[in-house]
Amino acid sequence: MACLILLSVGILFNLFGCIGLIRLPDVYNRLQAATKCVTLGTCSILIGVLVHFGFNDAGVKAMVAIPILFFASTVAAHALIRGAYGFGIRLGDRSVKDDYKDAVK
Amino acid sequence: MRYLTLFILSLIMWLLLTFKLTIPNLIVGTVVAAITALIFARYFIRNVHKFLEPKRYFWLFVYFFVFLWACLKANIDVAYRVLHPAMPIRPGIVKVRTTLRSDFARTLLANSITMTPGTISVDIIGDDLYIHWIYVHSEDPEVYSSLILGQFEKYIKRIVE
C-alpha cells in the first residue's frame with residue numbers, strides 16, 4: 001500500500017515536471033521544473049521500489065541510486081544553466097533582475 | 001590516508017551495489033576499489049580525519065531532515081507555479097555571499113540550493129554565489145540572502161568545517 005502511494009506520488013511529480021517543461025517561458029525556468037520535480041518524483045519512485053522489495057539486492061540498489069541521482073541531477077542542472085548563459089541565451093521577458101551579467105564581463 | 005579512506009568508501013559502495021558477500025565478489029571489489037582510489041584520491045577531500053568525528057554524523061542526520069523538508073516545500077512550490085493558469089513567476093539572477101571556505105562545503109551548499117525553493121546555482125566567483133530564482137521575492141540583498149541560504153549554511157559549517 002505504502003509502495004503504491006509512493007509510486008503514484010512519484011509519477012505525479014514527474015508529470016508536473018513535464019508540464020512545467022512545456023509551459024514555462026525560457027530555458028532557465030524550464031530547468032527549475034526539470035531538476036526539482038523530476039528528481040523528487042524519481043526519488044519517490046525509488047523509495048517505493050525499496051519498500052516493495054525490502055532490503056535485498058534490488059531494494060538496496062534503488063537506495064544507492066538516490067544519492068547518485070541527487071548529485072548527478074544538481075550538477076547537470078548547474079552545467080546546463082551556466083552553459084546556456086555562456087552561450088548567450090537571454091533571460092525571458094518577465095525577468096526582473098540579473099546580477100550575473102556584470103560578473104561575467 | 002586519503003587513499004585508504006577512498007578505498008574503504010569505494011569498497012562499501014561496491015558491496016552495496018552487488019549485494020553478494022562471496023569470496024570472488026570480494027576479490028573483484030577490492031581490485032576495483034583499489035583502482036578507483038589510485039586514480040581519484042588526489043581529488044578527494046583533504047582532512048580525512050573528520051570522517052572519524054561522530055558529532056559530524058549527528059549534524060548530517062539533522063541536516064538530512066532539514067533538507068528533506070525544504071526539498072518537499074520546493075517541489076510543491078514549483079508544481080503550484082507550473083499548474084497555476086496565470087503562472088506567477090518573476091525570474092531573475094541574484095548574488096549572495098557565502099562564508100563557507102572549503103570546496104567541498106561550497107559544493108554541498110550549491111547542490112542544496114539547487115534542490116530547494118525555486119533556486120538553481122549558476123556559478124561561484126570568489127565568495128559570491130550566483131543564483132537563478134524563479135520568483136524574486138525581494139530586491140533587498142539581506143532579505144534574499146537569508147531566504148536562499150536559510151539554515152543550510154550553518155548546518156554545513158557544522159558538518160564539514
Side-chain angles (χ1 to χ4, degrees), chain A residues 9 12-13 15-26 28-29 31-41 43-44 55-61 63-65 67-68 70-71 73-78 80-82 84-86 91-104, chain B residues 12-20 64 67-68 71-85 87-96 107-108 110-126 128-139 141 144:
Chain A
V9 168
L12 204 63
F13 268 112
L15 178 69
F16 290 160
C18 295
I19 293 172
L21 214 54
I22 296 167
R23 280 200 71 197
L24 289 167
D26 62 357
Y28 305 100
N29 293 307
L31 269 173
Q32 299 262 8
T35 51
K36 283 179 239 309
C37 291
V38 173
T39 308
L40 187 83
C43 283
S44 181
F55 276 94
N56 59 13
D57 54 348
V60 170
K61 276 195 189 75
M63 194 180 74
V64 173
I68 294 174
F70 167 76
F71 280 106
S73 97
T74 47
V75 171
H78 163 71
L80 279 171
I81 202 165
R82 188 159 173 246
Y85 206 101
L91 270 78
D93 300 334
R94 295 170 72 175
S95 306
V96 291
K97 201 166 165 46
D98 188 0
D99 285 343
Y100 193 47
K101 197 164 57 188
D102 311 326
V104 180
Chain B
I12 291 172
M13 193 77 183
W14 170 269
L15 289 178
L16 277 177
L17 273 176
T18 53
F19 215 71
K20 269 187 306 209
F64 177 74
F67 175 74
L68 200 66
C71 190
L72 280 174
K73 266 200 317 204
N75 280 279
I76 290 161
D77 182 69
V78 172
Y80 163 74
R81 293 192 196 289
V82 165
L83 295 177
H84 195 285
M87 269 204 305
I89 59 170
R90 214 170 152 243
I93 295 180
V94 297
K95 181 168 91 172
V96 294
T107 311
L108 204 58
N111 278 354
S112 302
I113 285 171
T114 300
M115 288 309 292
T116 50
T119 49
I120 289 185
S121 39
V122 180
D123 205 351
I124 299 182
I125 299 174
D128 300 324
L129 277 163
Y130 291 87
I131 287 160
H132 182 266
W133 205 357
I134 201 168
Y135 192 91
V136 179
H137 289 271
S138 143
E139 302 274 330
Y144 63 64

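Every chain is numbered from 1, with letters handed out A, B, ... down the list of sequences. These numbers come from the heavy atoms of this one structure, side chains and all, not from hydrogens, waters or symmetry mates.
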Visitor: Counting heavy-atom pairs closer than 4.5 Å to chain A, which one of B/Val122, B/Thr18, B/Ile76 comes out on top?
Guide: B/Val122

Visitor: Between A/Ser44 and A/Leu40, is there a donor-acceptor pair closer than 3.5 Å when you use the side chain of the first and the backbone of the second?
Guide: no

Visitor: Heavy-atom distances under 4.5 Å only: say whether A/Leu31 touches chain B with side chain, backbone, both or neither.
Guide: both

Visitor: What part of A/Phe13 gets within 4.5 angstrom of chain B, counting heavy atoms only: side chain, backbone, both, or neither?
Guide: side chain

Visitor: Check each of B/Thr107, B/Thr114, B/Asn111 against A/Thr74 using the side-chain hydrogen bond (donor to acceptor under 3.5 Å, both in side chains) test, and report the only one that passes.
Guide: B/Asn111

Visitor: Measure from the side-chain N and O atoms of B/Thr119 to the backbone N and O of B/Ile131, and report whether any donor-acceptor pair falls under 3.5 Å.
Guide: no

Visitor: Is chain B contacted by the side chain of A/Ile68, its backbone, both, or neither, given a heavy-atom distance below 4.5 Å?
Guide: side chain

Visitor: Going by heavy atoms in the side chains, are A/Tyr85 and B/Tyr130 under 4.5 Å from each other?
Guide: no

